Amino acid sequence: MNNARNDLDLDSFRAAYAFYYERAAPLEILTMDLLCQLRVCLTVAVHGSRRYLPSQALGHLEKTTNVLEVRFVEVVALIRSEPTFSSLTNAQRMTMEAECFMIEFLE
């Protein structure tokens, strides 16, 4: 994720990837919006403070994070297969690959 820009809210996300949204069909727009929402959920799940969570809550959080990650990967694959993504320039696709399709996970 590009930490220099706050693209975790839908309006900022749409602005950051306007080059995609401007060409996208309605279903592709919804898919990109879903990707934004998944990025928000994953970012909070991965980077949120776990220090004060009881062990049972941590277990549930880990399971939920795993499910979110699977869904995120599925949505990214769907976007990659859509006509709008194929119609982008190489630079635009590389931007989305580097910034939009990646979540920075803690190790």
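None of these values were measured; they are calculated from a predicted model.
- Separation of atoms CD1 (Ile79) and CZ (Phe85) is listed at 8.5 Å; rounding is to 0.5 Å.
- Residues Phe19 and Met96 have side chains in contact (heavy-atom distance under 4.5 Å, counting atoms from C-beta outward).
- Judged by distance alone, the side chain of Ser81 and the main-chain N or O of Leu78 form a donor-acceptor pair under 3.5 Å.
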### side chain to side chain contact (heavy atoms under 4.5 Å, CB included) between Phe101 and Arg93, worked out
CA-CA 10 Å; Phe101 295 170; Arg93 284 194 301 271; over 6 Å; no
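- Separating the CD atom in Glu82 from the CG atom in Leu27 is a distance of 6.5 Å, to the nearest 0.5 Å.
- Counting only heavy atoms from C-beta outward, the side chains of Thr64 and Leu68 approach each other to under 4.5 Å.
- Of the possible polar contacts, none joining the Arg50 side chain to the Leu58 backbone as a donor-acceptor pair under 3.5 Å is found.
- The shortest distance between side-chain heavy atoms of Met32 and Ile29 does not fall below 4.5 Å.
- With Glu28 contributing its side chain and Thr84 its backbone, the two residues share a donor-acceptor pair below 3.5 Å.
- Contact of the Lys63 side chain with the Val67 side chain is not registered, since no non-hydrogen atoms from C-beta on lie closer than 4.5 Å.
- For Glu97, the salt bridge (charged side-chain N to carboxylate O under 4.0 Å, His left out) criterion is met by Arg80, not counting sequence neighbours.
- Below 30°, between 30° and 60°, or above 60°: for Phe13 and Tyr21 the angle between ring planes is above 60°, a perpendicular geometry.
- Within the model, atoms CD of Glu74 and CG of Leu34 stand 10.0 Å from one another, a figure rounded to the nearest 0.5 Å.
- Gln92 contributes atom CD, which lies 8.0 Å from atom OG of Ser87 (distance to the nearest 0.5 angstrom).
- Atoms CG and CG, on Leu53 and Leu61 in that order, are 6.5 Å from each other to the nearest 0.5 Å.
- In this structure, Arg39 contributes its side chain and Cys100 its backbone to a donor-acceptor pair below 3.5 Å.
- Distance CG/Leu10 to CG/Asp33: 4.5 Å, rounded to 0.5 Å.
- Contact check for Arg23 versus Leu88: side-chain heavy atoms found under the 4.5 Å cut-off.
- By the 4.5 Å heavy-atom criterion applied to side chains, Tyr17 and Cys36 are not counted as neighbours.
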